Amino acid sequence: MTETTPPGDDLPPATGTARHRSIRSFVRRTGRTTVGQAKAFEDVGPAYLLPYAPAPLDFAAGYGRTAPTVLEIGFGMGEATAHIAALMPDKNFLCCEVHTPGVGALLKRISERGLTNIRIVQHDAVEVLQHMLAPQSLDGVHIFFPDPWHKKKHNKRRLIQPPLIAQLVSRLKPGGYIHCATDWQPYAEQILEVLAAEPLLNNTAGSTDGGYATKPHYRPLTKFENRGIKLGHGVWDLVFERV
């Protein structure tokens, strides 16, 4: 637990202050939206972007159907998100990302691949979790390659902390899962420790392979990940289920 983040539903707002820095699901980055991404905002944005509102989200209204729903926190440029959504058309994917180029890129992929089971909230996922998701409303959570905050003095800024996991678990249905992946071993070790300490979670990997899971078939190898593997970098997947 961080010194600035109380447990459970008492997670502080994502804005924070200079003296009391709260956990956010993102880091501010600069980037330029391409012409194609801007066009995707115009063409398909109205159908696939859900506005942030501090009120429970009606999944049936948002997707036009009732289906198992998976939350993704931080999807980058949406490569893995689009792949997984195409592979699992029977599931709804609620995807949170604050960076406009990334949102535009995923909207472009949605248009190109004719995907209908993705909705995007362009807002901090911590606040979406706090205010838009009802208890036991999710069937899964994906957190792929969150910022590792390499320097030890910055470790407290990492997203995966006990208060956030406790709140995620409260939004999971029994049998729902949390799937995290990282290419930074110290962060993998911290994630494993945090998830293992949550009493309502069970490690699907058991005690084999140090508690790390075999990469699930649905998570693709991204270009970035492939490059890292060629350089000898490791990738660690962790999959825990709510009991």
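Not measured: the values here are computed from a predicted model. Note: hydrogens, waters and symmetry copies are ignored here, and every other heavy atom, side chains too, is used.
At a threshold of 4.5 Å between side-chain heavy atoms, the hydrophobic network of Ile, Leu, Val, Met, Phe, Trp and Tyr places L164 and F240 in one connected group. Taking hydrophobic clusters as Ile, Leu, Val, Met, Phe, Trp and Tyr residues chained together by side-chain heavy-atom distances below 4.5 Å, L94 does not share a cluster with F144. Taken together through direct or relayed side-chain contacts under 4.5 Å among Ile, Leu, Val, Met, Phe, Trp and Tyr, I229 and W184 form parts of separate hydrophobic clusters. Linking Ile, Leu, Val, Met, Phe, Trp and Tyr whenever their side-chain heavy atoms come within less than 4.5 Å puts L129 and M132 in one cluster. Note: the hydrophobic cluster containing V121 does not contain M77 (ILVMFWY, side chain heavy atoms under 4.5 Å, direct or indirect links).
The list of ring pair (Phe, Tyr, Trp, His ring centres under 6.0 Å) pairs with a residue in residues 42-67, not counting sequence neighbours, reads Y52-H123.
Two residues are said to be in side-chain contact when any heavy atoms from C-beta on lie closer than 4.5 Å; Q37 and P101 meet this criterion. Using a 4.5 Å cut-off on side-chain heavy atoms (C-beta onward), E79 and R109 make contact. Under the 4.5 Å side-chain criterion, counting only non-hydrogen atoms from C-beta, I84 is not in contact with V70. With a 4.5 Å cut-off on side-chain heavy atoms, L107 and L49 count as touching. In this structure the side chain of Q136 reaches within 4.5 angstrom of the side chain of P174, judged on heavy atoms. With contacts defined as side-chain heavy-atom distances shorter than 4.5 Å, the pair I120/F75 qualifies. A 4.5 Å side-chain heavy-atom check between D90 and N117 finds every atom pair outside the cut-off. With a 4.5 Å cut-off on side-chain heavy atoms, I165 and L201 count as touching.
Two rings, from H142 and Y177, have their centers less than 6.0 Å apart.
Summarising the geometry of D237 relative to P216, their closest heavy-atom pair is OD2-CD, 3.8 Å, with the distance given to 0.1 Å. A pairwise comparison of heavy atoms in C95 and L106 identifies CB-CD2, 4.5 Å as the closest pair. Shown here for P162 and V194, the closest heavy-atom pair between the two residues is N-CG1, 3.7 Å. Taking each heavy atom of A205 and G211 in turn, the nearest pair found is CB-O, 3.6 Å. Taking both residues in full, the closest heavy atoms of P68 and D139 are given as CA-OD1, 3.2 Å, listed atom of the first, atom of the second, then distance. Of all heavy-atom pairs between H99 and Q122, the closest is C-NE2, 4.1 Å.
None of L172, I178, V169, N92 except one satisfies the side chain to side chain contact (heavy atoms under 4.5 Å, CB included) rule with L138; the exception is L172. Of the candidates R219, K215, K230, E225 forms a side chain to side chain donor-acceptor pair (under 3.5 Å) with just one, namely R219.
Atom OH of Y187 sits about 8.0 Å away from atom CG of D147, to the nearest 0.5 Å. Rounding to the nearest 0.5 angstrom, the gap separating the CD1 atom in I73 from the CD atom in E97 is 11.0 Å.
For R65 (side chain) and G62 (main-chain N/O), no donor-acceptor pair under 3.5 Å exists by modelled atom type.
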